[in-house]
Amino acid sequence: MRILLFIPCLADQFAPRAAEATALLLEHLGCEVIYPEGQTCCGQAHRNSGDEEAARALVLRMAEIFEGDELIVTPSGSCAAMITQHALGLFGAATPVPANVQSLVQRTRELVQFIEQDLGLAPDEIVGGPGTAASVVAWHPSCHLRELNRFQASGRFLESIPGLAVKRLRQEEQCCGFGGTFASKFGAISGALAEDRCAALEESCAPVLLCNDTGCTMNIEGRLSRRGTPIQIQHVAEWFCQALGLQSSDEGSKDERSKDQRSKDQGNS
Amino acid sequence: MKGTLREIFLERIRQALGRSTLQPVEPLEVDHDLVRRPLPVAADASRARSELFTDRAQAVGMKVVTCQRTELATTVVNFLTEAQISSVQISSDPIFDQELIEPMQETSIRVVGNEIDLDTLYDGIECGITMASAAVASTGSVMVSASDQESRLTSLVPPNHLVLVPTSRIVDDLFDLSISPKNPPSCVTLVTGPSKTADIEGVLITGVHGPGMVQIVLFDG
Amino acid sequence: MNRSSTPTSVDGEPILFPRGTHDIRSRAAVFLRDETLQGAVREATTLKDQARRDVLKEAFGEDVDQIRSIAGEIKRHTIDHLDYYIETWIDRAEAAGTRVHLAIDHEEANRIVVEIAREKNAKLCVKSKSMVTEETRLVPQLEAAGIETVETDLGEFIIQIDDDAPSHIVMPMIHKDRKSVARAFVRELGAEYTEEPEQLTRIAREHLREKYRRADVGISGGNFLVAESGSLVLCTNEGNGRFCTSAPPTHIAVVGIEKVVPGFKDLWLLLHLLARSATGQPLTCYSQILTGPRRQEDQDGPTEMHVVLVDAGRTRILADPEFRESLGCIRCGACLNACPVYRKATGHAYGSVYSGPIGAVITPLLQGLDKNPTLPEASSLCGACFEACPVNIDLPRMLVALRRKTRKRRGTLGERIGLWWLRRVFSSVLFYRVAASIQRFALSCLTGGSDRLRAAPGPLSGWTRDRDLILPARRSFRKRWHDRGGASR
């Protein structure tokens, strides 16, 4: 199956390994992955800030760039929700929705949703066990899975991976506090919510947190870093790639960031 | 003057809705029945209904005792004796008049009717005894209705409420209650548990203002 | 009872009606540091939220969402035809002997109630919980007219004697602990000091029983109005609502016009959801259906029943199709319990009778967006409120719509520039790539070579208050894809 890869701006910049793992996993599952170069952003930030006009322009732009019959797959739950749940609402009753926007809405899928619903694959058909990936993980369901009606389903999908123990976090349904600009504008509340997630995560004793939204990841990772809690965060696709032994372009290096840091440190010395 | 005010008031609503005259309203067609849950399968539907009602009523903290029609007086008297209740106010249902009052008085329980003054009711009566006008299996509720026989206060003021429920009056769901929209009683109350609160730090306390104990006597009839 | 002036919050402003422009963050900052408060609110809201989900699932299994959507349709249909259903209700209620009064605004609603009470020579009113009377600030008006008015819901009673204000639609004193109750009872009622909730409840019970007995007027709100019968429906747990509507010779109900439903079968459906969503009960302990004053043959009950129908801004909301559905709210409080922001900010931070997500929507609509510009922003748009709402109100959508309105009216310059800049950046890949490089460069200048930023300036300082900002990766996905020769177009 040929698919179009939709890598939202945050993932492109802040979580490129998760994005790459998504592509690798999709290829491994037999998909022909095409990356439309012109893509930038789905307009979520503008829509959530109440700038409907800009959001509409960005959705129209996206619809052009992703034109075609192929399904569009993204590692980000919130961007999938933006397109499938909110894009049509940007066009008032008076403005007809262009056909390519309709099509964009119908063809967009979040990664796990795509694997389960469109490829029809169960976890045990993909992977036999964790391999070198963590065999105990915690799971943070991102809020946008709720909008996609995938909140429980995604958790169940992970739970049925052979040999993987999934720890459900206390109050797993409570938002991590990201919410885009909310995190900065309401820093104190947002920070307190991030702390709730980190405390629950620490309580779970899982060495790795799985999540499929870059926003949540940045937020939780930032809080973990601040409190000095050494828990790794992976996108679901990254976990699968590691379990399957698929090599990313980091040439097997487990942590590009520490490599970056090392080279920088060497340069400094 | 009132007519005018009424017109202004309704006109504001109509304007907000973007119309100038009242338009005919098609009743909304939705599937209310989706809320109904089937009764547990049993050979005897009436029995299944009674059992479900009992379970649900107990789940919300009411006590249920079941008896035959012939055992009614004994059951009520036994309950009152065990609970050490020595004064009751009773509605004026024919069953009460014919079957209950005498046996209660024989056990030296003070029995008063609706005629008593409020001070006596508030300070001197330990239990109100009423007849349910209906009961709802799915929610475990008992319905009491104000009428010429039933006072509102009997089931409210005394700390205990004993309510008689004939099994024939149990309906499956709220939807099956027959309250005439044309002429309903002035006050219909669905009682679903003893009076309770959790206002202070979430601690559950029963018997705040209304009765802290609701005893249901379910009897064949 | 000695009532001081309007209770004030940590910012010195009245708790529910701050003067001037209110910023939810100013109070939230203080409440976030109050560990007792945080613990109490977290505990209560998560318990109720879990209870709601458990009992709805137990009762309706997989049909819950469909039932919520039917309930929403019923409320929306009624509101779309509010003129018809209100008129029908008035006709039927009057036919049953209820005296119906119509109030266009708060002042009129209060004036009507005070006038009735005066006409009855009332010395004492007992009152059960009602949100709309909190909106109109009825109690101070009655007291000003020399009519002692006692709140009888335990939580509201405690709040009244302790000069506080409710902070949750259903659990009004969720922010208070037993110690403050104990102190207030000693001070105001001359009771002996006890912290035992059971004993505190007894004290209140005895105190209020005396009031019911002597009261001349009982005041209540209303959860529903049934158009086909002209009935008023009250859902309560403690029994105080029954006292207020049964014991005194006059009963006055103050009810918002949006409370009407067409018929009993609609009422039953909504009742199946209301208490389950609010507290996890199948029904509240008492669901009363009141239709007119006592009949001639009745044993007791009020000889007069008055209902004051209140508009007070509802028609303004009705007129805006974008926000109309917010009138469907049945005040169950489920969205407050589910809301992560409510759990942290807590009720009084909202500066409104209505807090949480529904408050963030209707407070600006009822009181003005200009006075409450931060309320629609106080959400991560996580959608928990929408999912929890028994009448399926799309609160996140309306929060975003309100943000659009605020942005147009008074978005800050920085925000406008930010959004404009982002729009430019996203309008072409070239801009996007250049901007990404600039961003990475700028951020690494700030961190001095580290891969994480611990203290950011300007608008990002909110982020780094409690968190680090992990810098963008050195190689973007785009670059990686290009480097490995992935297929693109």
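Below, all heavy atoms of this structure are taken into account, side chains as well, without hydrogens, waters or symmetry copies. Naming: A, B, ... by sequence-line order, numbering from 1 per chain.
- Residue contact with chain C, scored on non-hydrogen atoms closer than 4.5 Å, is absent for E195(A).
- In terms of heavy atoms, R146(A) sits closest to G383(C) at CD-O, 3.8 Å.
- For Q50(C), no part lies near chain A; criterion is any non-hydrogen pair under 4.5 Å.
- Side chain of R452(C) to backbone of G222(A): no donor-acceptor contact under 3.5 angstrom is found.
- S380(C) places no side-chain N or O within 3.5 Å of a backbone atom of G179(A) that could act as its donor or acceptor partner.
- At a 4.5 Å heavy-atom cutoff, the contact between E37(A) and chain C is made by backbone and side-chain atoms alike.
- Across E52(A), H144(A), H86(A), the residue that shares the most heavy-atom pairs under 4.5 angstrom with chain C is E52(A).
- For N219(A), the parts sitting under 4.5 Å from any heavy atom of chain C are the backbone and the side chain alike.
- For Q13(A), the parts lying under 4.5 angstrom from a heavy atom of chain C are both the backbone and the side chain.
- Of all the listed residues (S461(C), P376(C), A384(C), A338(C)), the one sharing the greatest number of non-hydrogen pairs under 4.5 Å with chain A is A384(C).
- No part of R33(C) comes within reach of chain A, as not one of its non-hydrogen atoms sits under 4.5 angstrom from that chain.
- Within a 6.0 Å radius of CG in D54(C), other residues, nucleotides and ligands contribute more than 12 heavy atoms.
- A donor-acceptor contact closer than 3.5 angstrom links the side chains of S190(A) and R467(C).
- Residue contact with chain C, scored on non-hydrogen atoms closer than 4.5 Å, is absent for R227(A).
- When all heavy atoms of F477(C) and A19(A) are compared, the pair lying nearest together is CD1-CB, 3.4 Å.
- By the neighbour-count criterion of 12 heavy atoms within 6.0 Å, atom CG of D69(A) is sparsely surrounded, having that number or fewer from other residues, nucleotides or ligands.
- For L419(C), the parts lying under 4.5 angstrom from a heavy atom of chain A are both the backbone and the side chain.
- Here the side chain of R489(C) pairs a donor or acceptor atom with the backbone of I65(A) at under 3.5 angstrom.
- Only the side chain of F182(A) comes within contact range of chain C, with heavy atoms under 4.5 Å apart.
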Check the pair L24(A) / R484(C) against side chain to side chain contact (heavy atoms under 4.5 Å, CB included), numbers first and verdict last.
CA-CA 11 Å; L24(A) 284 177; R484(C) 71 191 285 276; 3.0 Å; yes
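- Only the side chain of L5(A) comes within contact range of chain C, with heavy atoms under 4.5 Å apart.
- Proximity to chain A is limited to the side chain of Y432(C), based on heavy atoms less than 4.5 angstrom apart.
- For C198(A), no part sits under 4.5 Å from any heavy atom of chain C, backbone or side chain.
- Sparse packing is recorded around CZ of R424(C), with 12 or fewer heavy atoms of other residues, nucleotides or ligands lying under 6.0 Å away.
- With a threshold of 4.5 angstrom between heavy atoms, E387(C) approaches chain A through side-chain atoms but not through N, CA, C or O.
- Per-residue counts of heavy-atom pairs under 4.5 Å with chain A were compared for C339(C), S428(C), P396(C); the largest is that of S428(C).
- Of the two parts of D65(C), neither the backbone nor the side chain holds a non-hydrogen atom closer than 4.5 Å to a non-hydrogen atom of chain A.
- Looking at L422(C), both its backbone and its side chain come within 4.5 Å of chain A, counting heavy atoms on both sides.
- Neither the backbone nor the side chain of L399(C) comes within contact range of chain A; no heavy atom of the residue lies under 4.5 Å from a heavy atom of that chain.
- Of the candidates I7(A), D12(A), V33(A), W481(C) forms a side chain to side chain contact (heavy atoms under 4.5 Å, CB included) with just one, namely V33(A).
- In this structure, the portion of R343(C) lying under 4.5 Å from any heavy atom of chain A is its side chain and not its backbone.
- Only the side chain of L58(A) has a heavy atom closer than 4.5 Å to any heavy atom of chain C.
- The greatest number of non-hydrogen atom pairs below 4.5 Å with chain A, out of Q439(C), R42(C), Q38(C), R403(C), is found for R403(C).
- Contact count versus chain C (heavy atoms, under 4.5 Å) is highest, among E173(A), E147(A), Q39(A), for E173(A).
- Within the 4.5 angstrom heavy-atom criterion, only side-chain atoms of R61(A), from C-beta onward, approach chain C.
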